[in-house]
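In the text below, chain A, chain B and the rest are named by the order of the sequence lines, each starting its count at 1.
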There are 2 protein chains.
Amino acid sequence: MIDKTSGVPAYRQVATDIRAKIESGEYAPGAPIPSERTLVDQYGVSRPTIRDAIALLRQEGALIAEHGRGVFVRPRATVQRLSRSRLSRDARTANRGAFLGDASAGGFTPSTTVKIRFEPADERTADLLGLDAGEEVTVRDRVMRADGLAVMLAVSRLPRSITRGTAIEEVNTGPGGAYARLEENGHTLTHFEEIVSARMPTPEEASILQLSSGVPVVRVTRVAYAGRAVEVNDMTLASDRYELIYHIPAD
Amino acid sequence: MIDKTSGVPAYRQVATDIRAKIESGEYAPGAPIPSERTLVDQYGVSRPTIRDAIALLRQEGALIAEHGRGVFVRPRATVQRLSRSRLSRDARTANRGAFLGDASAGGFTPSTTVKIRFEPADERTADLLGLDAGEEVTVRDRVMRADGLAVMLAVSRLPRSITRGTAIEEVNTGPGGAYARLEENGHTLTHFEEIVSARMPTPEEASILQLSSGVPVVRVTRVAYAGRAVEVNDMTLASDRYELIYHIPAD
DNA sequence: CGAGCGAACTGGTATTGACCAGTCGTTCAC
DNA sequence: GTGAACGACTGGTCAATACCAGTTCGCTCG
């Protein structure tokens, strides 16, 4: 099965073979593959070599290992497809915020934990919000959960000068969320800008979001404008549980 | 340095220590960390253990290994920030297509390779384009490069019934790109929908995009509508070289 | 009959040792 | 002086082996 003269490392040959068996359906999604020691016999290589192959496939997200149970083909992702296309005023007034709007569309039970703090603006925040570095900002640090499972981390920063005395500085921002409170105080929202990227999670993020290894996070930075920039929201999403949907007019 | 009684695996303790030294600046971005064999002496563990620690940090994207040279702290990503906010008719008429529009905004030299083929629609394509499975579609398979470096793979599928006889079936679609040709033929574009996710690359994608390990890809599926769905474009982007920017009106 | 213990599996961690394969500086021959 | 070759580094691969830790299930004992 393994060609030692090909120049291709043995562990890669094993990984390629297992990958092919996953794609062909011989190893079905959710089903276990043979144990490491069985694969050692099958391929005639040592256990570290088999483990290198499995590590590669785990990094690709194709396999999931469970201590004491076995190694499994990653099941198809739960397509939660939380539509994030709507930051419309209608949606805001109907719900309590953007995430709760996603929730009612996605058919899951949402919950959030919020921590409020105040801090001086760092350079990036000051730049995005048009403040001087060091000006005080209100920070809303949130963990969003869907049916109990954390799916998103979000850190909002707003100039304290426009949140003072409003429910935005409270854990519960009230009906319509922080954006509704902004509009009530004369900051009529004009548009949003979202910058999307992806990277591997830090160990802390992986722990909070309970990410299996090989699953990246999507990073979204949303800047809300009401004439001026009024909010920077840095969101970190589990890429295997969240899809972003954008609606773009043609002209 | 390593506490063998703590219950925390040695390779994780080493990884945590190296990560701290990166964050503190003791190991600077772009600079090499000590060689594996030096770290073996420093931490008093075996080489495979050191390699496990380095593998973990490579997977997190914190380190880059270069055979024969050393292991380096990943330098800050080149923020190319190719704005992809514009699918407007104005931008189309001014350039040759969406990617070339990004290019003129980003200040780099673009190049593409295109392969055209025709095939029956698979189930997903048929579903998205509102076709019967098996109907013929035109497939435009492209590799986009910025200053010679591949940054995006894109596979567009359009019903052959609306591309027949147009430059969309040619390698060079002419001024304004495929979207301009569609509009010339009576398919006035109304809106686009983009579904964004992320995952780890397949080995083939990693090879074409020259991704270092630990760098995920962003997946964007764009559906273009002209009354009906007229195009499905599956794009794969190198997340360390591309940021997506979306502009969202407030109401 | 049921609860619990233990054997036999699973993957996880770690060691020692060996050799291959790139990179780069130095040295030696021309 | 210059260029080729060598040596001393670097990381990459692989083996054989040992023991730890979580899971599962069957057998035994109450």
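When rounded to the nearest whole Å, the span between CG of B:L56 and P of C:dG12 equals 13 Å. Taking atom CG of A:L39 as the reference point, atom P of D:dA15 lies 14 Å away to the nearest angstrom. Taking atom CG of A:D41 as the reference point, atom P of D:dA15 lies 13 Å away to the nearest angstrom. Per the geometry, CD belonging to A:E36 stands 17 Å off P belonging to D:dA21, to the nearest Å. A:E66 has its CD atom 15 Å from the C1' atom of C:dC9, to the nearest Å. Whole-Å rounding puts the B:I64 CD1 to D:dG12 C1' distance at 17 Å. Protein atom CD1 of B:I54 is 12 Å distant from nucleotide atom P of D:dT10, rounded to whole Å. Atom OH in A:Y11 sits about 7 Å away from atom C1' in D:dG12, given to the nearest Å.
Note on A:K21 versus A:E23: no salt bridge recorded, every NZ/NE/NH1/NH2 to OD/OE distance being 4.0 Å or above. Taking 4.0 Å as the cut-off between side-chain N and carboxylate O, A:R37 and A:D41 do not count as a salt-bridged pair.
Defined by atom type and a distance below 3.5 Å, a donor-acceptor pair is missing between the side-chain atoms of B:S197 and B:R219. Inspection of the A:D122 and A:T125 side chains reveals an N or O donor paired with an N or O acceptor under 3.5 Å.
Of the candidate nucleotides C:dG11, C:dT10, C:dA14, C:dT10 has the atom lying nearest to any side-chain atom of A:T38. Taking every side-chain heavy atom of B:T49 into account, C:dT15 is the closest of C:dT15, D:dC19, D:dA15.
Annotation: of the two residues near DNA chain C, B:R47 and B:D52, the 5′-most nearest-nucleotide partner is B:D52. Position along DNA chain D of the nearest nucleotide to A:R37 versus B:R58 favours B:R58 as the more 5'-ward residue.
Contact annotation: A:R12 does not reach the phosphate of D:dC14 (side-chain N/O to OP1 or OP2, under 4.0 Å). Taking 4.0 angstrom as the limit, A:R69 places a side-chain polar atom (N or O) nearer than this to OP1 or OP2 of D:dT24. Within the 4.0 Å cut-off from OP1 or OP2 of D:dT17, not a single side-chain nitrogen or oxygen of A:S46 is found.
A donor and an acceptor atom never sit less than 3.5 Å apart when one is taken from the side chain of A:H67 and the other from the base of D:dG22. Below the 3.5 angstrom threshold, one finds no donor paired with an acceptor across the side chain of A:R51 and the base of C:dG11.
Between B:T221 atom OG1 and B:L128 atom CG the span is 7.5 Å, to the nearest 0.5 Å.
Residue B:S35 is in sugar-phosphate contact alone, with no base atom involved, counting any heavy-atom pair closer than 4.0 Å across all strands shown. Using a 4.0 Å heavy-atom criterion, one finds that B:P48 contacts the bases of the nucleic acid, with or without backbone contacts as well.
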